[in-house]
Amino acid sequence: MSVLTIRRPAGRTILRVERGLIGRAGPLIAALGAGPRVEIVTDSTVGRHYAPRMISSMRRAGLRFGMTVLAPGERSKSLKSAARLYDRWARAGADRTTLVVALGGGVVGDLAGFAAATYARGLPWIIFPTTLLAQADASVGGKVAVNLEQGKNLIGAYHHPRAVFSDPEALATLSDRAYRSGLAEVAKMGMVSRPAILASLARLLREGRLRDAAAILPLIRACAREKARIVARDERDRGVRRLLNFGHTVGHALEAAEGYGRYTHGEAVAVGMAAALRMSVLEAGLDPVSAAEAEFLLSRLGLPTRLRKSPGKRFWDALARDKKRGRAALRMVLSPAIGEAKVFELPSLTTLRRVIESLVRSG
Ligand SMILES: NC(=O)c1ccc[n+]([C@@H]2O[C@H](COP(=O)([O-])OP(=O)(O)OC[C@H]3O[C@@H](n4cnc5c(N)ncnc54)[C@H](O)[C@@H]3O)[C@@H](O)[C@H]2O)c1
Ligand SMILES: [Zn+2]
């Protein structure tokens, strides 16, 4: 067993990555001193697979629970869904002793965490993340949000869960596409901070063990711990936490330009990382061989690293809207060497335009 505690000025979060945690939800919650009343939030796909084992464990532990089941997908990360949770919790007489339990991917986590942050000025919450993306990345760090039509994550808060219980066995039912999307964030952590993660990914690929729960577990743990370490140093995204945006400047612009339909988050970030690697060669002194190797690893993981056509006005507009830009024409996280990252302020978009074209041409 390996339990990591993330200490923050305002409290602490327990972080566990272990097989079988969902089936032990009851005793895990009881050990937190929470309950007896809990409110589960899940989506219908995850609920079908994993709610029964969670519920029977809760029953055995004598917990009383309510459950809200959402439609799967990004559209559920809305104010409307949040209102549904508030309504349900109010009817159930929820108060600040009620524990919210999120069971699902990044969508369920962001929504349940946001509703927990705002209901009665803050209910305690925990999460059992069920996608690779959520286990390796989204569940750690306390950012919770819902989307508006005008943009993703526009209404949000910082509200850390009391515990993150990641059960890699749950990944068995995940679609290949969603799984690959999570691998993009795992690779990102390797590129900005832990190059050993890239070596492990390459080895698992060679051995055909990328989807083996026992093999992927140490990588999830490494990513979650590294993110926790970074967040502990910079909770509010003012310094080192920004390095986790590697690949996200271009990635977010692609998602926005395509209306969040064509790419999953991880796919958009993979193309964004290919762009960031090429930019790093031109602007940050990254050795071109290392950049090409890293890009090749992404494509061997089954992730896109090319554009089918030149992105149009919507892409460049979205890029210009990037709120973290400051006075520079472009602020982008680049990598001077694999395993290191730094924020660069670039005076013009010229290099990025060339790099984006190179991704189209070499397609
Ligand atoms: N808060 C953060 O720091 C942070 C970081 C990164 C991403 N995010 C957010 O996370 C969201 C994306 O998360 P995601 O990729 O986990 O998407 P998701 O939650 O939509 O899950 C993807 C799909 O997989 C299904 N699914 C989930 N777990 C499953 C399982 N174990 N078996 C079978 N199917 C399963 C879901 O029903 C859904 O259809 C985005 O909204 C993004 O903004 C948040
Ligand atoms: Zn991301």
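Numbering of ligands and ligand atoms starts at 1, following listing order.
- One finds the CG atom of Leu286 at 10.0 Å from the CE atom of Met191 (value rounded to the nearest 0.5 Å).
- Criterion: ILVMFWY side-chain heavy atoms under 4.5 Å apart, direct or through other members. Under it, Val144 and Val107 are not part of a common hydrophobic cluster.
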Are any protein N/O atoms closer than 3.5 Å to the N/O atoms of ligand 1? If there are, list each pair with names and the distance to one decimal place.
residue  : atom   : partner : partner atom : Å
ligand 1 : 1 (N)  : Asp110  : OD1          : 3.0
ligand 1 : 1 (N)  : Lys143  : O            : 2.9
ligand 1 : 13 (O) : Gly106  : N            : 3.2
ligand 1 : 16 (O) : Gly106  : N            : 2.8
ligand 1 : 16 (O) : Thr131  : OG1          : 2.6
ligand 1 : 19 (O) : Gly106  : N            : 3.1
ligand 1 : 19 (O) : Val107  : N            : 3.1
ligand 1 : 28 (N) : Thr130  : O            : 3.4
ligand 1 : 28 (N) : Thr130  : OG1          : 2.8
ligand 1 : 31 (N) : Thr130  : O            : 3.0
ligand 1 : 31 (N) : Ala170  : O            : 2.8
ligand 1 : 32 (N) : Thr173  : OG1          : 2.7
ligand 1 : 37 (O) : Asp43   : OD1          : 3.3
ligand 1 : 37 (O) : Asp43   : OD2          : 2.7
ligand 1 : 41 (O) : Glu74   : OE1          : 2.8
ligand 1 : 41 (O) : Glu74   : OE2          : 3.0
ligand 1 : 41 (O) : Lys77   : NZ           : 2.9
ligand 1 : 43 (O) : Lys77   : NZ           : 3.1
ligand 1 : 43 (O) : Lys152  : NZ           : 3.1

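- A search for side chain to side chain contact (heavy atoms under 4.5 Å, CB included) contacts involving Arg180 returns Asp176, Arg177, Leu303, not counting sequence neighbours.
- Figure legend: cation-pi geometry between Lys313 and Phe315 absent, as NZ or CZ is not positioned both under 6.0 Å from the six-membered ring centre and within 45° of its axis.
- Remark: Arg211 is positioned above the aromatic ring of Tyr179, its terminal NZ or CZ atom under 6.0 angstrom from the ring centre and at most 45 degrees off the axis.
- Note on the Zn ion (ligand 2): protein N, O or S atoms under 2.8 Å away count 3, no waters included.
- Here Ala196 pairs with nothing under the side chain to side chain contact (heavy atoms under 4.5 Å, CB included) rule; sequence neighbours left out.
- A donor-acceptor pair under 3.5 Å links the side-chain atoms of Asp43 to the main chain of Val46, judged by distance alone.
- In plain terms, the two heavy atoms of Ile29 and Leu99 that are nearest each other are CG2-CD2, 3.7 Å.
- Cation-pi geometry between Arg84 and Trp89 is not met: the NZ or CZ atom fails to fall both under 6.0 Å from the ring centre and inside 45° of the normal.
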